Number of protein chains: 2
Amino acid sequence: MDKLHQLLSSRGHRITKARERVFNALNTAEKPLSTTDIIALCPTADRVSVYRTIELFSHLGIIKLIPVGWKQQYELTSLFKSHHHHMFCTKCKKLIDIHSDDFENFVAKLASTYQFTPLDHTFEMRGLCQKCQKQ
Amino acid sequence: MDKLHQLLSSRGHRITKARERVFNALNTAEKPLSTTDIIALCPTADRVSVYRTIELFSHLGIIKLIPVGWKQQYELTSLFKSHHHHMFCTKCKKLIDIHSDDFENFVAKLASTYQFTPLDHTFEMRGLCQKCQKQ
DNA sequence: GTCCGTGCAAAGCGTTTGCAGCTTA
DNA sequence: TAAGCTGCAAACGCTTTGCACGGAC
């Protein structure tokens with residue numbers, strides 16, 4: 001939260017209740033949220049403020065848009081949460097975090113073979129989790 | 001096109017002009033398209049038919065939704081196009097195809113360490129292409 | 001001829017824009 | 001105090017739904 005205040009101030013933006021609420025929603029949810037989810041989790045903030053906050057946070061690199069299942073959802077970036085990816089179980093809809101340094105290294109190598117300077121990437125698997133494949 | 005007709009028939013769906021048009025739009029575009037793009041490329045088909053066709057094609061595994069830049073777009077699946085991923089240059093907006101067997105093998109290995117049965121995956125890089133990083 | 005799919009109309013949402021008033025620094 | 005933000009109202013555009021006609025098989 002201090003880090004959020006610091007980031008907002010340093011970029012010349014004000015600290016407001018609406019912004020704190022949106023941040024809290026994403027921070028406590030511990031899973032990616034859709035715009036609709038965020039609006040629902042911030043009942044005291046106007047939808048319009050939520051939309052504007054989402055746009056601001058995206059530009060500041062506080063949150064990022066990722067594909068989950070077949071929907072787009074927002075999640076805190078690695079500034080506030082360690083960089084990772086997801087596996088989505090299409091049966092039980094569970095979302096499993098993937099943390100793999102090997103994967104990150106592989107991506108870096110792949111980019112260099114294409115002489116591409118990577119800024120960011122998106123990776124998500126869909127399939128069956130351990131439990132569901134047994135059934 | 002024959003393959004499309006065959007797939008539609010085998011699943012009990014009819015071959016119509018609207019469906020051929022949507023398929024052609026995606027097949028000739030050689031790049032992912034948004035719903036709006038597809039509607040614009042199929043002026044003789046009603047938007048509603050385009051939406052319904054997109055839904056049908058998704059269910060039949062003819063097309064899939066992928067994140068490009070910060071937007072969702074549709075692309076023909078590996079049934080009609082070889083499996084690949086993309087690098088999106090945030091400066092010149094160019095989209096570069098990535099074909100890497102090593103990457104696919106890595107993903108398979110990653111899934112198995114998590115005891116996850118992968119059905120499909122999404123991977124996209126954002127960054128700067130060779131030309132743009134020189135400037 | 002039968003049923004599926006299309007096209008039109010209209011409703012339904014999610015998202016954006018304009019503006020006055022309040023809050024933050 | 002001055003500028004930035006919020007909240008409300010309303011516009012906007014994408015997507016969905018209902019229904020009668022037309023086309024595919």
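This is a predicted model, so every value here is computed, not measured. A note on names: the letters A, B, ... follow the listed sequences, proteins ahead of strands, and every chain is numbered from 1. When reading the values below, keep in mind they use all heavy atoms of this one structure, side chains included, and skip hydrogens, waters and symmetry mates.
Using cut-offs of 30° and 60° on the angle between ring planes, the pair Phe106(B) and Phe103(A) is tilted. Aromatic ring pairs are classed by plane angle as parallel below 30°, tilted from 30° to 60° and perpendicular above 60°; the pair His121(B) and Phe123(A) is tilted.
Across all strands, Thr44(A) comes closer than 4.0 Å only to sugar-phosphate atoms, never to a base (heavy-atom distances). Backbone-only contact: Arg19(A) has heavy atoms under 4.0 Å from sugar-phosphate atoms and none from a base. Among the atoms of the strands shown, none is found under 4.0 Å from any heavy atom of Ser9(B). Ile15(A) comes within 4.0 angstrom of the backbone, heavy atoms only, and of no base.
A close approach under 4.0 Å does occur between a side-chain nitrogen or oxygen of Ser49(B) and OP1 or OP2 of dG7(C). For Thr16(A), no side-chain nitrogen or oxygen approaches OP1 or OP2 of dC5(D) to under 4.0 Å.
Residue pairs meeting the salt bridge (charged side-chain N to carboxylate O under 4.0 Å, His left out) criterion with at least one partner in residues 98-108 of chain A, sequence neighbours excluded, do not occur; the list is empty.
Rounded to whole Å, the distance from NE2 on His5(A) to P on dT24(C) is 11 Å. Per the geometry, CZ belonging to Arg11(B) stands 18 Å off C1' belonging to dG5(C), to the nearest Å. If you measure from atom CG of Asp46(B) to atom C1' of dA10(C), you get 13 Å, rounded to the nearest angstrom. Rounded to a whole Å, the CD atom of Glu20(A) is 14 Å from the C1' atom of dT6(D). The OH-C1' distance, from Tyr74(A) to dG14(C), rounds to 12 Å in whole Å. Taking atom NZ of Lys17(A) as the reference point, atom C1' of dC22(C) lies 12 Å away to the nearest angstrom. Between the P atom of dT6(C) and the OH atom of Tyr51(B) lies a distance of 15 Å, rounded to the nearest Å. Rounded to whole Å, atom C1' of dT15(C) lies 9 Å from atom CD1 of Ile39(A).
Between Arg14(B) and Thr36(B), the residue anchored nearer the 5' end of DNA chain D, judged by the nucleotide with its closest heavy atom, is Thr36(B). For Val48(B) and His13(B), each mapped to the nucleotide of DNA chain C holding its nearest heavy atom, the one lying further toward the 5' end belongs to His13(B).
Note on the helix from dG1(C)-dC25(D) to dA25(C)-dT1(D): terminal axis deviation equals 50°, with five pairs used at each end and the result rounded to 10°.
Note on Leu65(B): it clusters hydrophobically with Phe57(B), by side-chain heavy-atom contacts below 4.5 Å among ILVMFWY residues. Side-chain heavy atoms closer than 4.5 Å link hydrophobic residues (I, L, V, M, F, W, Y) into clusters, and following such links, possibly through other members, connects Val50(B) to Phe80(B). When the side chains of ILVMFWY residues are joined at heavy-atom separations under 4.5 Å, either directly or via intervening members, Ile38(A) and Met1(A) end up in a single hydrophobic cluster.
In this structure the side chain of His86(A) reaches within 4.5 angstrom of the side chain of Asp97(A), judged on heavy atoms. When side chains are defined from C-beta on, Phe88(A) counts as touching Leu95(A), because their heavy atoms get closer than 4.5 Å. Between Trp70(A) and Lys64(B), the closest side-chain pair of non-hydrogen atoms falls below 4.5 Å.
For the atom pair CG of Leu26(A) and CG of Asp37(A), the computed distance is 9.5 Å after rounding to the nearest 0.5 Å.
Side-chain to base pairing of Arg52(A) with dG7(D): one donor and one acceptor N or O lie within less than 3.5 Å of each other.
Contact check of residues 53-73 of chain A against DNA chain D (heavy atom, cut-off under 4.0 Å) returns no residues at all.
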